[in-house]
There are 2 protein chains.
Amino acid sequence: MLVVTRSALLKNKDNKNNKTVKTLKIIQSEVESLNKIALSVDCVIFGFDENKLKVLLIRSDLKEYKGRLSLLGDLLSPNDELDKAAYKILKKRTGLDDVYLEQVQTFGKVNRHPGGRVITVAYYSLINIMHHKLKIRENELDWHDVSGVKNLAFDHQEIFETCYQRLQKRVQEHPLGFSLLPSKFSLRDLQNLYEAILGIKLDRRNFRKKFFAMDFLVDLNEIETNVPHRPGKLYSFDYDKYEQKKKKWSGIDF
Amino acid sequence: MLVVTRSALLKNKDNKNNKTVKTLKIIQSEVESLNKIALSVDCVIFGFDENKLKVLLIRSDLKEYKGRLSLLGDLLSPNDELDKAAYKILKKRTGLDDVYLEQVQTFGKVNRHPGGRVITVAYYSLINIMHHKLKIRENELDWHDVSGVKNLAFDHQEIFETCYQRLQKRVQEHPLGFSLLPSKFSLRDLQNLYEAILGIKLDRRNFRKKFFAMDFLVDLNEIETNVPHRPGKLYSFDYDKYEQKKKKWSGIDF
DNA sequence: TTAGCAAAGTGTATATTTTACACTATCTTA
DNA sequence: TAAGATAGTGTAAAATATACACTTTGCTAA
């Protein structure tokens, strides 16, 4: 991106060409009266793989942040809803469009972006990492363990941390975690996921007790395969039942 | 400053004669397509008076919403931080600058504002209603019981409800309520406040037990005056102690 | 084939937290 | 000085959260 300052435009003021002058005046007034503020959407895309919570990052192409990793984002198109802009980012980067998405906070420090005043609305998203593995590992785009995320470009470190904290809080209030898992999973998978998100160890028996009490798990009468030990039963998540109970839902505690 | 994508400019690289005009046209189109989004900040200002939770509203001056009430807001100045913009609204409308302020959510439906695409960052604020009573009741600006807030202009009803829900959640996690009270208050005042915010009745003994256990109340060794019954003791809130304990704070439940 | 391994699956006792509830004390007003 | 009104106080029961160990099952390798 290139930054055009008002003074650069004003230099052309004496141009004889009427059209140009007129154009300049329009631009000048647009710039002055409308806003010199650009709006973007950034998305912290979480995935879960090899029992680790991951986040999708890309290398910044701005020279100011050469080589640093950054979140995935884009400028907002004037005709797009905010959520739509976030979905577009997800579609573009992962090919998925059925994902969990939540707006977290808007970041607008005056100097957060070297290209000018850019205010960004931050979202986080939960996706099933398996469903799009082929789409990435190209273009400097890849998954990173959340535990190793540091020194991101722009103010993206702060955005990442805010979103991660929000996720940690949310999974204790609502059973969102399922968006990160395959449709069939064992209770061990589920516990591994929660341990990865929260960064703590959980008691296995109490964990099972809690999830069965919630009554959102459907016993598929299937078992794991290719495990070198007794296989666990497989479950799926009953989204409909959850939607019904959602209103009265007061939370889970770990 | 205006942000223009470089690729748009490069398209005209070879042009010699009309370079300026073409470039400007591109800039203009960028302005139109990229940047026709205005940014505002809206603030749900809460107060507490006569044992009711109140919100500060103003009559809309837009003809589309003639006579309807709306939240207090303003366009964001390009050189202001987001929080600063919210503080400015508070200063302008209440004269106060030491208030509790929290960003809640950004609302950006394409048609939410009849004047064009305006995206607004919503805050809520807690103020001590006594401190500025003289500043308002002018200019169609006044306090309204939260229970009676309906049919606000724009999408302000939705914004109000989102902010009110956030407040209800927050006061159960952190002792924010004190911002709404005078510096000296009785436990009955405090309970009235929480009952007003949450919209429920609370058990008096359990309420007292909970707040004393928190250990943020300072016994001032003073009592209420001008009450037609046994006066209650007065307390103040120990902000410093709260700040210290904040990190480990896990919440209050009612 | 079978012994050993590794994780699945299961229940109970204790501690902690939350809830429900009623009487005495103190100040004001008549 | 009696009556009215709210302040102030403690305990028992219920619900919830925690801590903890043995048996079962399927897989693997000798």
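Chain A is the first sequence line, chain B the second, and so forth, proteins listed ahead of strands; every chain is numbered from 1.
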Between B:E161 and B:Q165, do the side chains contain an N or O donor and an N or O acceptor separated by less than 3.5 Å?
->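 Judged by distance alone, the side chains do not pair up.
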Side-chain H-bond candidate by donor/acceptor type, B:E102 with B:Y100, under 3.5 Å |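 Indeed, the side chains of B:E102 and B:Y100 share at least one donor-acceptor pair under 3.5 Å.
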In whole angstrom, what separates [X]'s [atom1] from [N]'s [atom2]?
X	N	atom1	atom2	result
B:L202	C:dA20	CG	C1'	14 Å
B:R208	C:dA20	CZ	P	19 Å
A:N51	C:dA7	CG	P	11 Å
B:I223	C:dT28	CD1	P	7 Å
B:K201	C:dT19	NZ	P	17 Å
A:L234	C:dG9	CG	C1'	15 Å

Would you call the rings of [X] and [Y] parallel, tilted or perpendicular if under 30° counts as parallel and over 60° as perpendicular?
X	Y	answer
A:Y164	A:F46	tilted
B:Y65	B:F154	tilted
A:F211	A:F178	perpendicular

Does any N or O in the side chain of A:R59 come within less than 3.5 Å of the main-chain N or O of A:S70, such that one atom is a donor and the other an acceptor?
->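 Such a contact is absent between A:R59 side chain and A:S70 backbone.
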Passes side-chain contact (heavy atoms from CB on, under 4.5 Å), A:V227 versus A:S186? Steps please.
-> CA-CA 12 Å; A:V227 286; A:S186 68; over 6 Å; no
Between the side-chain atoms of A:R230 and the base atoms of C:dA7, is any donor-acceptor pair under 3.5 Å?
->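 It does not, because no donor-acceptor pair links the side chain of A:R230 to the base of C:dA7 below 3.5 Å.
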Quick one: pull up CZ in B:F237 and CE in B:M214 and give me the separation to the nearest 0.5 Å.
->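 If I round to the nearest 0.5 Å, the distance is 8.5 Å.
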Contacts under 3.5 Å, N or O only, protein and nucleotides 11-18 of chain C:
{"unit_1": "C:dT12", "atom_1": "O4", "unit_2": "A:K209", "atom_2": "NZ", "d": "3.0"}

What is the nucleic acid contact for B:R204, judged by heavy atoms within less than 4.0 Å: base, sugar-phosphate only, or nothing?
->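 Contact class for B:R204: base.
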Only one of B:K210, B:R208, B:K209 clears side chain to side chain donor-acceptor pair (under 3.5 Å) with B:N206; which?
->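 Testing each of B:K210, B:R208, B:K209 against B:N206, the sole residue satisfying side chain to side chain donor-acceptor pair (under 3.5 Å) is B:K209.
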Give me the first and last nucleotide of DNA chain D, going 5' to 3', that has any atom under 4.0 Å from a heavy atom of chain B.
->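 Footprint of chain B along DNA chain D, 5' to 3': D:dA5 to D:dT11.
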